[in-house]
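Heads up: the structure comes next, in structure tokens.
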There are 2 protein chains.
Amino acid sequence: MTLNPGRRRANGSEDYESAAAKDDKLDLRLWLRLISCTSMIENTVRRRLRKEFGITLPGFDVLAQLDRAPRGLSMSELSARLMVTNGNVTGLVDRLIIRGLVARRADPKDQRVQVVRLTRKGRALFGRMAPAHHTWIGEMMGGLKTGELQRLYASLGRLKASARSALDG
Amino acid sequence: MTLNPGRRRANGSEDYESAAAKDDKLDLRLWLRLISCTSMIENTVRRRLRKEFGITLPGFDVLAQLDRAPRGLSMSELSARLMVTNGNVTGLVDRLIIRGLVARRADPKDQRVQVVRLTRKGRALFGRMAPAHHTWIGEMMGGLKTGELQRLYASLGRLKASARSALDG
DNA sequence: CCAATATGTTTTAAGTCTAAAGTAATTTAA
DNA sequence: TTAAATTACTTTAGACTTAAAACATATTGG
């Protein structure tokens with residue numbers, strides 16, 4: 001039997017974060033809570049994408065990036081946007097090509113560059129998935145008012161900038 | 001050559017989030033920014049743990065949970081706290097046992113239950129890693145004042161509760 | 001008791017991911 | 001021009017991850 005991430009906390013057990021949240025520093029508690037939020041939402045989205053559309057979350061992420069780039073994206077651009085390695089993207093795109101959802105061709109201007117774009121089939125599938133995905137995210141954030149979402153968005157922007165400035169070392 | 005997650009954005013390319021952030025709904029932008037923050041911090045921590053201590057991030061996460069549970073944790077408790085499947089934990093623990101960092105024994109009260117705990121070696125290693133880890137997190141959050149970290153922490157708590165209430169469906 | 005059910009863990013198959021090494025095309029610079 | 005360096009991508013090895021099935025032990029209801 002699978003754990004079913006969506007129901008795993010039906011009992012009273014602790015999750016990733018709550019084990020720590022007693023005597024720790026604010027920094028650490030915030031980081032654990034960030035992981036906790038992200039994992040929870042991500043696991044729910046993964047499960048629903050699989051169940052409703054038969055696609056993996058990384059596959060969906062690739063299609064989403066390509067949907068926003070009508071001219072296509074190079075492998076490196078894809079890898080930067082998804083924040084994963086180039087080698088990872090190679091495999092993801094390979095599998096989407098097999099399913100006929102994306103196409104890959106060499107850039108005529110630079111034969112090193114592979115340009116990936118949605119096929120008509122891929123665009124159609126993403127068009128069906130996107131509204132559902134948006135609805136799910138909206139439901140999961142439904143407990144917060146717009147003002148709080150905006151403040152959260154702004155604070156995370158500053159956190160992102162702060163984290164980026166500490167990337168090396 | 002590897003992408004080196006820590007330096008990948010030295011050029012002016014877009015990342016996961018910024019591709020979307022124009023005409024989208026607040027919900028979606030917030031979600032993408034959440035992924036963005038988490039990935040950035042996670043990739044940095046992963047890279048440094050590997051480089052400084054020769055351990056993977058998931059391995060570190062297991063040790064961190066066990067460090068907080070002196071009596072040990074069952075496989076299911078570990079899986080709930082890490083928010084990953086039971087099957088995943090089996091492999092993680094197997095590899096840590098090979099390295100002598102954790103031990104696993106059957107619970108005498110219930111032979112189905114495997115109780116995992118840190119070995120002395122595992123505890124010693126975690127004792128060296130934890131301060132470094134804490135420092136890294138502190139650096140990455142250094143751009144935010146305590147008050148903002150507190151507000152962020154509180155908002156993410158509400159987001160977590162909201163997301164949890166929408167898990168099914 | 002004992003069959004059915006539930007619970008805890010492991011196994012399996014397929015996919016995801018990183019880090020490092022390898023290949024190919026382009027650019028740089030002597 | 002052309003060797004060296006750079007850039008874009010792929011390959012490789014090993015680890016991570018999920019979902020589903022399989023297995024083992026406990027519990028429950030007859």
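Everything numeric in this text was worked out from a predicted model, so none of it was measured. Each chain gets a letter, A, B and so on, in the order the sequences are listed, and its residues count up from 1.
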Proximal nucleotide (of D:dA19, C:dC17, D:dA8) relative to the A:P58 side chain: C:dC17
Residue-phosphate contact under 4.0 Å: A:N88 side-chain N/O, C:dT16 OP1/OP2: no
For atom CZ of B:R46 and atom P of C:dA19, their distance in whole Å: 7 Å
Per B:R50 side chain, nearest of listed nucleotides C:dA19, D:dT10, D:dA19: C:dA19
Among D:dT18, D:dT17, D:dT10, the nucleotide that comes nearest once only the side chain of B:T85 is considered: D:dT18
Contacts of type salt bridge (Lys or Arg N to Asp or Glu O under 4.0 Å), residue A:D67, not counting sequence neighbours: A:R123
Show me the donor-acceptor pairs, under 3.5 Å and distance only, between side chains in residues 131-138 of chain B and residues at least two apart or in other chains.
from   : atom 1 : to     : atom 2 : distance (Å)
B:T135 : OG1    : B:P131 : O      : 2.9

Interatomic distance, A:R48 CZ vs D:dT18 C1' [rounded to whole Å]: 17 Å
N or O in side chain of A:S76 less than 4.0 angstrom from D:dT7 OP1/OP2: no
Interatomic distance, B:L49 CG vs C:dA19 P [rounded to whole Å]: 11 Å
Phosphate contact (D:dT18 OP1 or OP2) by A:T56 side-chain N/O below 4.0 Å: no
Whole angstrom value for the distance that separates P of C:dT26 from NZ of A:K109: 13 Å
Electrostatic pair A:R104-A:D94, nearest N-O below 4.0 angstrom: yes
Carboxylate-amine/guanidinium contact B:D110 B:R112, below 4.0 Å: yes
Distance in angstrom units between A:M75 CE and C:dT23 C1', rounded: 15 Å
Any A:R95 side-chain nitrogen or oxygen under 4.0 Å from OP1 or OP2 of C:dC17: no
Contact nearer the 5' end of DNA chain C, comparing A:G91 with A:D110: A:G91
Closest to the A:S74 side chain, choosing from D:dT18, C:dT26, D:dC9: D:dC9
Euclidean distance, atom CD of residue B:E77 to atom C1' of C:dT9 [Å, nearest integer]: 13 Å
Distance in angstrom units between A:R112 CZ and C:dT28 C1', rounded: 12 Å
Nucleotide C:dT23, atom C1' - distance to CG of A:N86 in whole Å: 14 Å
Presence of B:R47 side-chain N/O under 4.0 Å of C:dC17 phosphate oxygens OP1/OP2: no
Hydrophobic cluster membership, A:L125 vs A:L118, 4.5 Å side-chain cutoff: yes
